[in-house]
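Read through the structure below, which is laid out as structure tokens, and then see the notes.
Numbers here are sequence positions counted from 1.
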Amino acid sequence: MLRKSHGRATHGPLPLADLGIHLPCVKVLHQVTPEEKPAATSRLLVNYPEPYRSQILDYLFKPNFGASLHILKVEIGGDGQTTDGTEPSHMHYALDENYFRGYEWWLMKEAKKRNPNITLIGLPWSFPGWLGKGFDWPYVNLQLTAYYVVTWIVGAKRYHDLDIDYIGIWNERSYNANYIKILRKMLNYQGLQRVKIIASDNLWESISASMLLDAELFKVVDVIGAHYPGTHSAKDAKLTGKKLWSSEDFSTLNSDMGAGCWGRILNQNYINGYMTSTIAWNLVASYYEQLPYGRCGLMTAQEPWSGHYVVESPVWVSAHTTQFTQPGWYYLKTVGHLEKGGSYVALTDGLGNLTIIIETMSHKHSKCIRPFLPYFNVSQQFATFVLKGSFSEIPELQVWYTKLGKTSERFLFKQLDSLWLLDSDGSFTLSLHEDELFTLTTLTTGRKGSYPLPPKSQPFPSTYKDDFNVDYPFFSEAPNFADQTGVFEYFTNIEDPGEHHFTLRQVLNQRPITWAADASNTISIIGDYNWTNLTIKCDVYIETPDTGGVFIAGRVNKGGILIRSARGIFFWIFANGSYRVTGDLAGWIIYALGRVEVTAKKWYTLTLTIKGHFASGMLNDKSLWTDIPVNFPKNGWAAIGTHSFEFAQFDNFLVEATR
């Protein structure tokens with residue numbers, strides 16, 4: 001794999017720039033920096049028991065241990081569906097402020113606890129409905145939306161002592177130049193001059209051209225961030241001279257193919273497109289795997305009930321860069337592609353340290369989920385590097401190695417023998433094969449952290465109950481429930497000191513400004529997607545007279561951005577004194593309907609039993625409908641929800657299932 005060279009390879013040396021003379025023009029403000037991006041992708045992580053939860057966080061954030069991330073980018077919860085679920089807003093309603101909802105505050109604090117220098121970014125995907133004044137649009141009142149975002153930044157500091165470093169505009173949607181300018185003014189007015197603006201988390205073209213034509217916009221945008229740029233940036237973006245980031249990338253199954261994708265773009269985003277940060281969606285696959293983009297995180301932690309998690313190969317690919325560079329390091333000008341495929345970058349802290357990262361990811365094993373990857377060839381080669389100037393005095397380089405592919409040949413972040421350079425005039429040659437990663441560095445702090453193996457994988461418990469009797473919940477959401485439209489929160493029912501004092505409540509009373517196709521009904525899923533035969537029982541309380549309605553459901557087969565088209569068996573009751581059984585969330589497929597003694601402001605117990613091709617339902621433990629034929633879907637999650645964006649409560653949830 002390695003051999004020193006006293007000569008030079010036939011294709012000539014690949015000299016690294018002299019430290020004293022040729023410091024490169026680009027300063028790395030951040031490098032390889034996966035993010036927690038929204039969609040409730042860390043939803044299940046908070047439910048993990050210790051010590052496993054802390055171990056997972058260490059693999060992600062602890063310096064010189066695992067992925068050692070430099071940036072954490074979080075969703076500013078906006079109550080809407082953002083890929084794999086909804087995240088609650090800090091302001092559900094105009095006069096409402098609560099900086100303890102959801103898990104993002106906790107996640108940022110855990111990241112900071114491990115790495116006080118980690119950079120924090122906030123980005124809205126959806127917005128609470130009241131900002132739109134009846135329109136599905138956040139730019140109806142620019143000052144109001146700016147105020148809403150600034151309150152999130154101020155609240156992060158006031159309630160959690162978190163300093164947000166960068167703020168985004170609207171994920172993968174339209175930007176408004178006047179809004180960006182107003183946001184900058186409002187940040188400054190609040191004394192938040194240090195918070196920088198990144199725009200527009202979409203494509204390069206429009207925002208770059210606008211900045212070149214609008215001097216004020218140019219001044220207030222600090223970073224141009226594009227999504228899935230395919231390692232290339234646009235001409236206008238480069239002309240601005242601003243920092244360029246791939247502000248969302250990866251999004252690929254965390255197999256060795258995903259690791260290959262990640263290793264290739266971490267180098268080539270800079271080589272081809274001058275991007276000095278690459279941010280992965282998503283941090284950790286902590287959501288039900290059958291939701292969209294299952295296992296598209298750097299690691300997998302989707303079983304809080306068992307404690308099982310998997311440190312996937314993208315974690316160690318990250319470490320090749322993150323453990324041996326830091327924000328503030330410089331790329332050298334001498335970076336580029338290798339003659340027979342692959343690439344190399346070199347970085348320095350300006351104080352004599354040097355890190356070289358080489359990747360030879362093949363086309364076959366490094367395809368990202370998007371964009372299309374044109375064919376290229378990688379083959380075995382020798383590459384000779386010559387250290388010049390003050391780098392020529394480096395006596396030793398540490399060597400870290402990854403080989404992706406067949407199990408028999410596979411290595412992940414393995415430390416090899418050091419490279420001694422004293423007798424070689426700063427020259428060395430590497431023998432490179434397909435699908436390899438090398439990091440050569442003066443830093444001696446690299447480490448492949450490890451913990452004892454976590455518990456074995458187990459399916460979701462076949463019997464599961466929750467009475468929601470939590471007086472002071474640490475998180476606003478009940479464990480394992482994954483909201484897909486609407487927001488379900490722990491609720492203290494002061495009007496009922498008895499059995500239903502503590503409940504789970506759907507708290508949205510209007511549709512949010514959406515990022516995805518949220519359903520017209522609210523719904524939260526739970527359980528094992530492979531469940532076939534099950535009984536779901538839950539106490540329900542409709543709060544809206546006449547028009548209100550609630551449901552329990554089984555075999556729910558879709559979620560995330562596909563939630564509008566979810567099929568399953570849905571058992572509804574309505575405040576107008578009717579019930580309904582439907583084969584879909586939207587209510588188009590009607591299996592049964594009828595009259596029943598139901599009103600608002602009263603507790604009822606619903607029971608839904610699904611066995612084989614038949615389903616039955618009970619109200620207050622009395623049979624209401626029986627043996628309705630149900631042929632599709634064959635399996636899916638359990639769920640609760642409401643007919644519209646309306647207040648309703650749920651209590652004493654129970655599911656008993658067999659596959």
Inset, instruction - Could you tell me which residues satisfy ring-ring contact (aromatic ring centres under 6.0 Å, His included) with Phe372, sequence neighbours excluded, listed by chain and number? - result: none

Inset, instruction - Would you check if Tyr175 and Asp201 make a side-chain contact, meaning some heavy-atom pair closer than 4.5 Å? - result: no

Inset, instruction - Report the relative orientation of the aromatic rings in Phe428 and Phe385; use parallel for angles under 30°, tilted for 30 to 60°, perpendicular for over 60°. - result: parallel

Inset, instruction - Using only heavy-atom distances, determine whether the side chains of Thr82 and Glu87 contain a donor-acceptor pair under 3.5 Å. - result: no

Inset, instruction - Taking the six-membered ring for Trp and the single ring otherwise, decide whether the centroids of Trp316 and Trp262 are under 6.0 Å apart. - result: no

Legend entry - Heavy-atom neighbours of Lys109 NZ exceed 12 at 6.0 Å: yes

Legend entry - Short side-chain to backbone donor-acceptor contact, His320 and Ile357, under 3.5 Å: no

Inset, instruction - Among Thr360, Leu432, Ile356, Thr402, find the residue that satisfies the side-chain contact (heavy atoms from CB on, under 4.5 Å) test when tested with Phe438. - result: Leu432

Inset, instruction - Measure from NZ or CZ of Lys242 to the centre of the six-membered ring of Phe218 and say whether it is under 6.0 Å with the direction within 45° of the ring axis. - result: yes

Legend entry - No-hydrogen, no-angle side-chain donor-acceptor test under 3.5 Å, Thr278 and Asp249: no

Inset, instruction - Could you please spell out the steps behind the side chain to side chain contact (heavy atoms under 4.5 Å, CB included) verdict for Leu192 and Val154? - result: CA-CA 9 Å; Leu192 295 168; Val154 171; 4.0 Å; yes

Legend entry - ring-ring contact (aromatic ring centres under 6.0 Å, His included) involving Tyr59 - partner list, sequence neighbours excluded: Phe65, Tyr451

Legend entry - Leu440 CG to Leu421 CG distance, which is reported to the nearest 0.5 Å: 9.0 Å

Inset, instruction - Of all the heavy-atom pairs spanning Ser42 and Leu107, show the shortest one and how long it is. - result: OG-CD2, 4.2 Å

Inset, instruction - State whether the side chain of Ser366 and the backbone N or O of Gly260 hold a donor-acceptor pair below 3.5 Å, judged by distance alone. - result: no

Inset, instruction - Go through the side-chain N and O atoms of Thr231 and Asn272 and say whether any donor and acceptor fall under 3.5 Å apart. - result: yes

Inset, instruction - Apply salt bridge (charged side-chain N to carboxylate O under 4.0 Å, His left out) to Arg410 and list each qualifying residue two or more places apart in sequence or on a separate chain. - result: Asp256

Legend entry - Sidechain-backbone polar pair: Ser68 side chain, Lys62 backbone, donor-acceptor under 3.5 Å: yes

Inset, instruction - For residues Glu359 and Leu266, determine if any side-chain heavy atom of one lies less than 4.5 Å from a side-chain heavy atom of the other. - result: no

Inset, instruction - Sequence neighbours left out, what passes salt bridge (charged side-chain N to carboxylate O under 4.0 Å, His left out) with Arg114? Give chain and number order. - result: Asp58, Glu110

Legend entry - Qualifying salt bridge (Lys or Arg N to Asp or Glu O under 4.0 Å) pairs with a residue from residues 360-382, counting only residues at least two apart or across chains: none

Inset, instruction - Provide the closest heavy-atom pair for Val378 versus Gly342 in the form atom of the first, atom of the second, distance. - result: CG2-N, 4.0 Å

Legend entry - Distance-only donor-acceptor check, side chains Arg447 and Asn64, under 3.5 Å: no

Legend entry - Rounded distance (nearest 0.5 Å) linking atom CG of Leu437 with atom NZ of Lys414: 15.5 Å

Legend entry - Check against side chain to side chain contact (heavy atoms under 4.5 Å, CB included), Leu72 and Leu60: CA-CA 10 Å; Leu72 174 62; Leu60 295 169; over 6 Å; no

Legend entry - Pro327 vs Asn117 side-chain heavy atoms within contact, under 4.5 Å: no

Legend entry - Candidate pair Ser277 and His70, rule side chain to side chain contact (heavy atoms under 4.5 Å, CB included), full reasoning: CA-CA 10 Å; Ser277 175; His70 298 162; over 6 Å; no

Inset, instruction - Could you tell me whether the side chain of Tyr274 reaches within less than 4.5 Å of the side chain of Lys238, counting heavy atoms only? - result: yes

Inset, instruction - Taking Asp349 for its side chain and Leu351 for its backbone only, find out whether a donor-acceptor pair lies under 3.5 Å. - result: yes

Inset, instruction - Measure up the His363 and Phe376 rings against each other and bin them: parallel (under 30°), tilted (30 to 60°), perpendicular (over 60°). - result: perpendicular

Inset, instruction - Report, as yes or no, whether the 6.0 Å neighbourhood of atom NZ on Lys340 holds more than 12 heavy atoms from other residues, nucleotides or ligands. - result: no

Legend entry - Any side-chain heavy-atom pair of Ile265 and Tyr228 under 4.5 Å: no

Inset, instruction - Applying ring-ring contact (aromatic ring centres under 6.0 Å, His included), name anything that partners Trp204, two or more places apart in sequence or on another chain. - result: none

Inset, instruction - Drop me the distance from Gln381's CD to Leu430's CG, to the nearest 0.5 angstrom. - result: 10.0 Å

Inset, instruction - Look at the side chain of Asn115 and the backbone N and O of Pro63, then say whether any donor-acceptor pair between them is shorter than 3.5 Å. - result: no

Inset, instruction - Could you tell me whether Asp165 and Lys196 have a side-chain N and a carboxylate O separated by less than 4.0 Å? - result: no

Inset, instruction - Enter the distance from Leu291:CG to Thr83:OG1 here, rounded to the nearest 0.5 Å. - result: 10.5 Å

Inset, instruction - Compare every heavy atom of Ala234 with every heavy atom of Glu205, then report the nearest pair and how far apart it is. - result: OE2-CB, 4.2 Å

Inset, instruction - Determine the interplanar angle of the Tyr48 and Tyr309 rings, folded into 0 to 90°, and report it as parallel if under 30°, tilted if 30 to 60°, perpendicular if over 60°. - result: perpendicular

Inset, instruction - Measure centre to centre between the rings of Tyr293 and Trp281, then say whether the value is under 6.0 Å. - result: yes

Inset, instruction - Say whether, by atom type as modelled, one donor and one acceptor occur between the side chain of Glu248 and the main chain of Ile279 under 3.5 angstrom. - result: no

Legend entry - Minimum heavy-atom distance Gly225-Ile198, with the two atoms named: N-CG1, 4.0 Å

Legend entry - Nearest heavy-atom neighbours spanning Cys296 and Ala285: N-CB, 4.2 Å

Legend entry - Side-chain (Tyr401) to main-chain (Leu416) donor-acceptor, under 3.5 angstrom: no

Legend entry - Donor on one side chain, acceptor on other, Asp84 and Thr41, under 3.5 Å: no

Inset, instruction - Looking only at non-hydrogen atoms, find the nearest pair between Arg295 and Tyr287 and report the distance. - result: N-OH, 3.7 Å

Inset, instruction - Keeping the roles fixed (side chain from Thr252, backbone from Ile369), state whether a donor-acceptor pair exists under 3.5 Å. - result: yes

Legend entry - From CA spacing to verdict: side chain to side chain contact (heavy atoms under 4.5 Å, CB included), Leu45, Trp106: CA-CA 11 Å; Leu45 177 61; Trp106 167 82; 4.1 Å; yes

Inset, instruction - Using a 4.5 Å cut-off on heavy atoms from C-beta on, say whether the side chain of Val74 contacts that of Leu120. - result: no

Inset, instruction - With rounding to the nearest 0.5 Å, note down the distance linking OG in Ser418 to CD in Gln398. - result: 4.0 Å

Inset, instruction - For the pair Thr322 (side chain) and Ala67 (backbone), establish whether a donor and an acceptor sit closer than 3.5 Å, ignoring hydrogens and angles. - result: yes

Inset, instruction - Kindly indicate whether the side chain of Leu338, heavy atoms from C-beta on, has any atom under 4.5 Å from the side chain of Ile358. - result: yes

Inset, instruction - Find the distance between CG (Asp163) and NZ (Lys112) and round it off to the nearest 0.5 Å. - result: 6.5 Å

Legend entry - Flag, side chain of Lys243 to backbone of Met275, donor-acceptor distance under 3.5 Å: no

Legend entry - Sub-4.5 Å side-chain heavy-atom contact between Leu298 and Leu69: yes

